[in-house]
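Below: the structure, in structure tokens.
Read the numbers this way: they start at 1 and go in the same order the structure lists the ligands and their atoms. Because the structure is predicted, anything quoted here is derived from the model rather than measured.
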Amino acid sequence: MKKICILGATGSIGANCLDVVASQPSEFEVRYLTTYQNVALLLQQAEQFRPQAVAVVHRAKVEQYLPQFRSMGIEVLTGFEGLLEISAREDVDILVNALVGAIGLLPTLNAIQNGCRIALANKETLVLGGQLVMAHAAQSGAEIVPIDSEHSALLQCMVGEQASEVERIILTASGGPFREKPQDQFSGITVAEALNHPNWDMGQKITIDSATLMNKGLEVIEAHWLFDLPLSRIDVVIHPQSVIHSLVEFTDGSMKAQLGLPDMRVPIQYALTYPRRLPATRPRLNFDTLRELTFEPADLDKFRCLQLCYEALEEGGAAPAVLNASNEEAVSLFLKEKIRFDQIPVIVEDALINCETNSFHGVDELIEYDRQAREYVTSKYDF
Ligand code: NAD
Ligand code: MG
């Protein structure tokens, strides 16, 4: 039985992960679960999976539930320190990082020190600190196995291949809800429209990122670190059906693609069992009803966030950290209806131009760049 810790258990990825765990009861044992503030759901999960301990980051939310956790003999940690303490526990084989945002970096580094497998959904961790994370993982021997469907697809295509024979990787993108919307209508896009993703049911932040195509840009940076490839060998293609989850082209011109229905439980299970596969009884692709797979180039003028990600990756240093932090703040302001949808790339570009993006030495400096970019955005745009 593999012992699992799930950071961000109450989110979209966290809940899907627990679905996978429940469907494979002889394989996995849940040791630790965490949430930011959804303690009611965490309690239900704890009743079903009986972890040793849980962490609730938002302290004020946990008080009323303490007796119920205690009656089950479950330890309750609180605050960001509680999350950090849980991520450092050594009796874990796989840590699933399903947190959203740069907040996921320190817990990932903690878990890496233990040498356990990191099943990583939290792409912001690699956007912000890919260099540190990959270096620490190489040192401790911790495996970083992606949950993100594109990166899982790429990993699956690379199994059995030589890294030196990979010519380029191609990430597919659905194009989001505004693929066909004229750019001059972007200023009127509402939060509800932006949260209505055509193919995937996900947390709010990544859903907005998918609508701006920032998500694809973050994934390009994520792929750069995971597969050690320069930007010149990473491409993006719009594929509205989300059936091909990504492709690898090899030096002989041959390509491999990974296909499936858009269901995150497939890449989550693969990240937990890699390099094995376990049987599962989920709906499958059906070629009797599947009519067409279409492709088109990404429009970098209309979806400027993607272009900004390319530029930040090329610039290096703390530029991806500033890009990520300013985007997190801009998305949060858009969700609160304090800025328009079309201001998101404007704010990110503003931060990239006006914040320090020098190279950094160590995690403390990196977190300081992240903090400064957030402060820049909130002091200028949050009224
Ligand atoms: P979500 O918002 O549904 O869940 C986020 C989880 O993190 C929740 O459990 C929440 O309680 C916790 N959390 C949020 N803020 C926190 C904080 N400040 N401190 C501690 N915990 C906090 O998000 P999600 O859609 O599950 O996405 C999680 C990560 O996975 C993101 O990085 C996203 O980009 C990535 N991802 C998600 C999907 C998907 O289908 N949802 C697909 C690919 C990648
Ligand atoms: Mg993805």
Find all atoms of ligand 1 within a distance of less than 4.0 Å from any non-hydrogen atom belonging to [X], and give their numbers and elements.
X	value
Asn122	32 (O)
Gly11	1 (P), 3 (O), 4 (O), 8 (C), 9 (O), 26 (O)
Thr35	11 (O)
Ala98	5 (C), 6 (C), 7 (O), 28 (C)
Glu124	31 (C), 32 (O)
Thr10	8 (C), 9 (O), 11 (O)

Starting from [atom], what is the nearest protein heavy atom, named by residue and atom, and what distance separates them?
atom	result
atom 35 (C) of ligand 1	Ala121 O, 3.1 Å
atom 13 (N) of ligand 1	Tyr36 CB, 3.6 Å
atom 25 (O) of ligand 1	Gly203 N, 2.8 Å
atom 36 (N) of ligand 1	Ile206 CD1, 3.6 Å
atom 34 (O) of ligand 1	Lys123 CE, 3.1 Å
atom 38 (C) of ligand 1	Ile13 CD1, 3.4 Å

Aromatic ring pairing Phe178/Phe341, orientation class (parallel under 30°, perpendicular over 60°, tilted between) =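 Rings of Phe178 and Phe341: perpendicular, as their planes differ by over 60°.
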
At what distance, to the nearest 0.5 angstrom, does [atom1] of [X] lie from [atom2] of [Y]?
X	Y	atom1	atom2	value
Ser26	Lys2	OG	NZ	12.5 Å
Ser326	Leu308	OG	CG	8.5 Å
Ile13	Asn122	CD1	CG	10.5 Å
Leu247	Cys157	CG	SG	6.5 Å

Tally, protein N/O/S atoms nearer to the Mg ion (ligand 2) than 2.8 Å: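 Every protein N, O or S atom under 2.8 Å from the Mg ion (ligand 2) counted, the figure is 3.
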
_Pairing residues for Arg31 by the salt bridge (Lys or Arg N to Asp or Glu O under 4.0 Å) criterion, not counting sequence neighbours_ =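 Glu29, Asp91.
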
Can you find a pair of side-chain heavy atoms, one from [X] and one from [Y], that are under 4.5 Å apart?
X	Y	value
Trp200	Met264	yes
Val57	Thr34	no
Pro297	Ile238	no

- List the steps and the verdict of salt bridge (Lys or Arg N to Asp or Glu O under 4.0 Å) for Arg89 and Glu75. CA-CA 13 Å; Arg89 296 255 167 124; Glu75 182 189 5; 3.2 Å; yes

I need the contact type for [X] against ligand 1. Using non-hydrogen atoms and a strict under-4.0 Å cut-off, is it side chain, backbone, both or neither?
X	result
Met264	side chain
Lys205	neither
Val57	side chain

Subject >> Under 3.5 Å side-chain donor-acceptor pair for Glu356 and Gln372 >> reply: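 No - no donor-acceptor pair under 3.5 Å links their side chains.
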
Would you tell me which option among [options] has the nearest heavy-atom contact to [atom]?
atom	options	result
atom 41 (N) of ligand 1	Ser12, Pro146, Ala55, Ala102	Ser12
atom 29 (C) of ligand 1	Leu99, Leu120, Asp263	Leu99
atom 43 (C) of ligand 1	Leu33, Asp148, Leu218	Asp148
atom 14 (C) of ligand 1	Asn38, Val100, Thr125	Val100

- Query: Considering all heavy atoms of both residues, which atom of Ser210 and which atom of His197 are nearest to each other, and what is their separation?
  - Reply: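 Shortest heavy-atom separation between Ser210 and His197 comes out as CB-CD2, 3.5 Å.
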
| task | Indicate yes or no: does Lys123 engage Glu150 in a salt bridge with an N to O separation below 4.0 Å. | result | no

